[in-house]
Amino acid sequence: MENTEHPTGVGAGAAEAPVRFDTGIAVLLRDDLAVWQRLNVASFLVSGLGTHVPEVVGAPYRDGDDTLYLPMFRQPVLVFEGNGETLTRTHSKAVARDLAVAVFTSDLFATGNDRDNRAAVRAVGRDSLDLAGIAVYGPRNAVAKVLKGARMHP
């Protein structure tokens with residue numbers, strides 16, 4: 001099936017207005033993580049959004065030689081950082097607002113597979129999770145409000 005929409009305005013004509021999304025995708029990473037940990041955590045966190053909220057995924061890509069590539073999110077992912085307290089506060093607010101939330105706890109750095117990851121999260125109560133990062137999806141204004149106090153990742 002061919003995608004006839006031009007969500008970015010590319011190929012749609014110069015007169016088309018830029019797309020504004022009414023939803024937001026944000027990742028909040030703990031500021032004391034090593035670079036490799038930040039990249040790993042961010043990758044794991046956003047991987048769940050496309051399956052839980054399929055409308056955030058755009059159409060597949062094709063290059064000029066008609067090579068097919070996987071689809072990606074149709075909107076930007078904003079990446080923030082904060083200390084452990086900021087993560088805990090943001091997590092609590094996001095859960096209270098019933099936003100879609102993914103979590104990555106510090107315990108997951110010591111596991112090596114999905115089964116053990118799930119068991120590590122399951123073993124700890126919500127308010128005691130040692131969060132390394134969270135991803136949040138929902139209405140743009142709600143996402144912005146729960147992330148208040150976090151800094152954009154440099």
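Index from 1, following the sequence.
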Does the side chain of [X] reach to within under 4.5 Å of the side chain of [Y], using non-hydrogen atoms?
| X | Y | value |
| --- | --- | --- |
| Y61 | M72 | yes |
| L99 | V146 | yes |
| V27 | V77 | yes |
| R151 | D31 | yes |
| I25 | L78 | no |
| Y137 | V56 | yes |
| H91 | R126 | yes |
| T67 | R62 | no |

Hphob cluster co-occupancy, [X] + [Y], side-chain heavy atoms under 4.5 angstrom:
| X | Y | answer |
| --- | --- | --- |
| F109 | L29 | yes |
| L49 | L70 | no |
| V57 | L68 | no |
| F104 | V124 | yes |
| F73 | M152 | yes |

### Main-chain N/O of T23 paired to Q75 side chain as donor or acceptor, under 3.5 Å
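At least one qualifying donor-acceptor pair exists.
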### Message
Could you check whether any side-chain N or O of R97 sits under 3.5 Å from a backbone N or O of A142, counting only pairs where one atom can act as donor and the other as acceptor?
### Response
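Here the side-chain-to-backbone pair does not exist.
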How many angstroms lie between [atom1] in [X] and [atom2] in [Y], if you round to the nearest 0.5 Å?
| X | Y | atom1 | atom2 | result |
| --- | --- | --- | --- | --- |
| L87 | T105 | CG | OG1 | 11.5 Å |
| L131 | R30 | CG | CZ | 8.5 Å |
| L108 | N117 | CG | CG | 4.5 Å |
| T86 | F80 | OG1 | CZ | 12.0 Å |
| T111 | N113 | OG1 | CG | 6.5 Å |

### From CA spacing to verdict: side chain to side chain contact (heavy atoms under 4.5 Å, CB included), D107, V121
CA-CA 8 Å; D107 296 330; V121 173; over 6 Å; no
### Query
Yes or no on side chain to side chain contact (heavy atoms under 4.5 Å, CB included) for R38 and L33, after CA distance, side-chain angles and deciding distance?
CA-CA 6 Å; R38 289 175 189 231; L33 298 177; 3.7 Å; yes
### Query
After noting the C-alpha distance and the side-chain angles of S43 and N40, does the key distance pass the side-chain hydrogen bond (donor to acceptor under 3.5 Å, both in side chains) rule?
CA-CA 5 Å; S43 298; N40 185 264; over 6 Å; no
#### Entry: From CA spacing to verdict: side chain to side chain contact (heavy atoms under 4.5 Å, CB included), T90, I134
CA-CA 9 Å; T90 302; I134 64 171; 3.7 Å; yes
### Evaluation steps, salt bridge (Lys or Arg N to Asp or Glu O under 4.0 Å), between E55 and R74
CA-CA 8 Å; E55 63 269 17; R74 64 181 177 91; over 6 Å; no
